[in-house]
Each structure stands twice: as C-alpha cells, then as structure tokens.
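One structure is given below, encoded as structure tokens.
Bear in mind that the values here come from a model prediction, so they are computed numbers and not experimental data. Numbering starts at 1 and runs along the sequence shown. Order of listing sets the numbers, starting from 1, for every ligand and every atom in it.
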Amino acid sequence: MRVEVAKDVYWVGAIDWNVRNFHGFTYSTHRGTTYNAYLILDDKVAVVDTTLAPFAGEMMERIREIINPEKIDYIIANHLETDHSGAIAEVLKYAPKAEIVCTSKCREGLLKHYFGDWKFLTVKTGDTVNLGKRSLKFIEAPMLHWPDSMFTYIEAESLLLPNDAFGQHIATSERFDDEVDERVLMDEAAKYYANILWPLSLLVIKKIEEIQQMGLRIKTIAPSHGIIWRRDPLKIVAAYLRWARGESAKRVVVVYDTMWGSTERMAKAILEGVTSEGVPVSLYRLPVSDLGDIIKDLLEAKGVLVGSSTVNADILHTVAPFLEEIKGLKPRGKIGAAFGSYGWGGGAIETIEGKLKQAKVEIVLPALTVKWVPDEKELGRCREFGVEFAKKIKGA
Ligand code: FEO
C-alpha cells in the first residue's frame with residue numbers, strides 16, 4: 001500500500017517490530033521502531049534517507065511499487081548513522097546514476113563506513129537541489145545529534161524532513177499522528193528527547209530559533225523514526241522547546257537500590273512525606289527498572305532523590321549507571337538530594353551528592369543517612385525529609 005506523505009512524496013521506509021534496544025543497549029525500545037525513508041517524484045527523483053542494512057530489501061520493495069529505482073537521481077543522506085545509511089549501497093545497486101547529497105562531514109563518515117566509490121554533492125545551509133516543480137532546501141544541524149546531521153525542507157509541500165529530530169521509537173502499522181494514541185506518541189517522543197537530545201538542549205533551542213527566523217512554513221514534519229506529524233506539527237516543536245529550556249512539572253523521581261531493605265524503607269518513607277504535600281512521585285529500584293524509562297520520567301520532573309546503601313565506603317554498583325547517565329545528560333533546572341543507609345561506615349551519600357553536582361543538579365537538602373535499620377523515629381525523619389523536599393519543589 002502506498003503511503004503518500006505529501007503530493008508525490010511517499011514513505012518508503014521499513015518497520016522494525018522486534019528491536020528492543022538502540023545505541024548499544026543504552027536505549028530500550030519497548031515498542032520497536034521504524035526507519036523512515038521518503039521517495040520524491042518530480043522531473044528528477046530523490047530518496048531522502050534509507051534504512052538499517054537488514055531492512056534494505058523492504059525499502060526497495062516499497063520503492064519498486066512506485067517507480068523503477070533506476071530513475072532515482074539523488075539519495076539525500078541527512079545523517080550518516082547506520083540506521084539511516086545502512087541501505088545506501090543496496091539502493092545504489094539499482095540506482096547507478098544516483099548522486100549522494102549530504103554535508104561534508106556526512107560524506108567523510110559515509111566513506112569511512114562503506115568505502116564506496118560513490119558520487120557526492122556536498123551541501124551547506126541554504127543550498128538547494130532543483131527536482132523540477134519543487135526544490136529541496138538543506139539546513140545543516142550539527143550535533144542534532146551528530147556532527148554531520150542536516151534537515152531537508154520542501155517548500156512546495158511545507159514539509160520538513162529533519163531525520164532524527166522529532167522522532168520516536170514506535171513500530172506501528174499507522175504512519176501519522178492523527179492515527180495513533182496521542183499519549184503514547186508524546187510519551188515516546190519525550191523518551192527519545194530525554195535519551196538522545198537532552199544534553200544538546202542549547203543547540204535544539206538555537207536550531208528551532210534559526211528555522212523560525214528563516215520563516216519556513218511547516219505543515220508536516222516527517223522524521224526518520226516513528227510517526228509523522230501532520231495534525232499539529234508545531235506541537236512537537238513546542239514540546240522540544242519546553243524540554244530544551246528545562247521546564248518541568250512539580251514532580252519527584254526517587255531512584256535507589258538497597259542491600260538488605262533499609263534504604264528501601266527510607267525511600268518509601270520519603271515518598272510518603274513528598275506525597276503528603278500533594279507532590280506526585282515515581283519510585284524506581286534500579287536493578288529492576290529500565291534506565292531509559294527513568295530518564296524519560298526525569299525529563300519532566302523538577303526533583304530527583306537518589307538513595308543507596310553503602311558498600312565498601314561507596315554506592316552500590318547498581319546505582320552508578322544512573323548517576324553516570326545523568327552526568328552525561330546534563331539536565332537543566334533540576335533540584336535533588338541524597339539518602340541511604342550504612343552499617344560499618346558511610347560513603348554512599350557523599351558519592352551521590354558529588355555525582356549529582358557533576359550533573360548540575362542543585363542539592364537543596366543535606367543528605368539523609370541512617371545506621372543499620374531505620375527505627376520509627378528515623379522513619380519519621382525520612383518522612384520529614386520528603387516533606388521538606390516537596391516544599392522545595394513547590395517553591396521552585
Ligand atoms: Fe542518529 Fe536514527 O540515528
């Protein structure tokens with residue numbers, strides 16, 4: 001079945017129903033994903049992006065349903081990462097005259113990945129390729145999310161093809177936002193932003209402002225993963241600005257691990273305290289929780305409380321990946337605090353505070369620690385700790 005995204009622009013990508021992780025197991029994809037590619041028919045024919053290599057056959061079938069691939073004049077490579085460039089060699093097998101249009105960094109990367117004797121046309125922001133009735137305009141987008149990234153814009157259709165930006169990892173039989181559950185769509189878009197674009201937030205703001213200043217009319221945003229935004233494309237743009245500016249809800253995420261249950265009892269008493277102030281909380285024990293999901297939850301929560309039992313004068317090793325992850329993501333505008341139990345001697349809360357500071361989380365309460373098992377009085381202190389943190393959230 002042909003999927004027309006705009007006049008003479010067809011979705012010719014592939015659906016990966018079974019992928020459950022991305023980027024070397026750093027990003028869980030519970031709903032699978034798609035590798036979106038687009039075929040543009042005009043006097044000249046262009047394909048924008050391709051798929052991961054094993055899906056090249058699926059993409060070629062979709063192209064052949066519409067046109068003989070020999071007619072392809074251009075392959076626009078918005079991004080060299082292999083989930084979008086993996087099928088280029090296969091497309092070129094059947095489209096021998098095609099020229100690859102990309103940034104100079106993308107050209108360099110493609111040659112170092114595939115070692116092909118390929119024809120290239122390198123482009124910069126503002127450059128265009130005329131297809132006949134319509135032109136493709138290019139906008140470099142370095143570090144959104146790789147140095148080579150660029151967006152393609154088709155003025156005649158008010159269609160933006162921004163590759164990874166505004167994407168989501170969702171495999172569905174539907175292709176458009178007006179066909180799917182909006183809450184699922186926004187949830188996956190938030191997870192995508194949190195896990196991929198969050199540390200690049202300042203660049204996200206600058207790029208969106210640059211596009212706004214260019215005065216481009218945008219009717220449809222067709223990313224390289226997941227669902228195409230055609231009902232209200234500016235909704236995802238507004239969400240990106242909100243996330244990039246660090247705007248968050250008065251919510252708390254509690255993340256912890258426990259050796260023999262004392263830190264867990266602390267975590268649950270703290271949760272009671274926060275909740276008693278009317279502030280919603282999510283609680284995650286690390287070894288049984290998905291890191292990508294926690295990061296997504298944290299994107300829109302103002303506060304983070306991190307707890308660990310002490311072992312060998314330090315945190316439990318299961319807590320370290322979360323702290324390392326947020327250190328790299330550099331979340332803006334978060335407040336936090338540390339807690340945890342110890343037996344022979346302390347150490348965990350100092351490590352947690354140090355890592356939170358490195359992640360630019362503002363520490364707003366002294367860390368709370370308990371020796372061995374918390375008694376009723378100490379559990380009361382935990383509840384009070386939660387109450388105090390909730391007040392900081394409400395006052396922030
Ligand atoms: Fe940066 Fe979807 O690859």
Q: Under the salt bridge (Lys or Arg N to Asp or Glu O under 4.0 Å) rule, what do Glu157 and Arg134 come out as? Steps first, then yes or no, please.
A: CA-CA 9 Å; Glu157 318 302 335; Arg134 57 174 71 68; 3.0 Å; yes
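- Around atom 2 (Fe) of ligand 1, protein N, O or S atoms at less than 2.8 Å comprise Asp83 OD2, His84 NE2, Asp164 OD1, His225 NE2.
- Taking the ring pair (Phe, Tyr, Trp, His ring centres under 6.0 Å) definition, one finds that Trp17 meets it with nothing, sequence neighbours left out.
- Side-chain contact, Asp148 with His79: a donor N or O sits under 3.5 Å from an acceptor N or O.
- When all heavy atoms of Leu286 and Val319 are compared, the pair lying nearest together is CD1-CA, 3.5 Å.
- Residues in residues 256-291 take part in no ring-ring contact (aromatic ring centres under 6.0 Å, His included) pair, two or more places apart or across chains.
- Sorted by first and then second residue, the pairs that involve residues 153-183 and meet ring-ring contact (aromatic ring centres under 6.0 Å, His included), not counting sequence neighbours, are Phe22-His169, Tyr27-His169, Phe166-Tyr240, His169-Tyr192, His169-His225.
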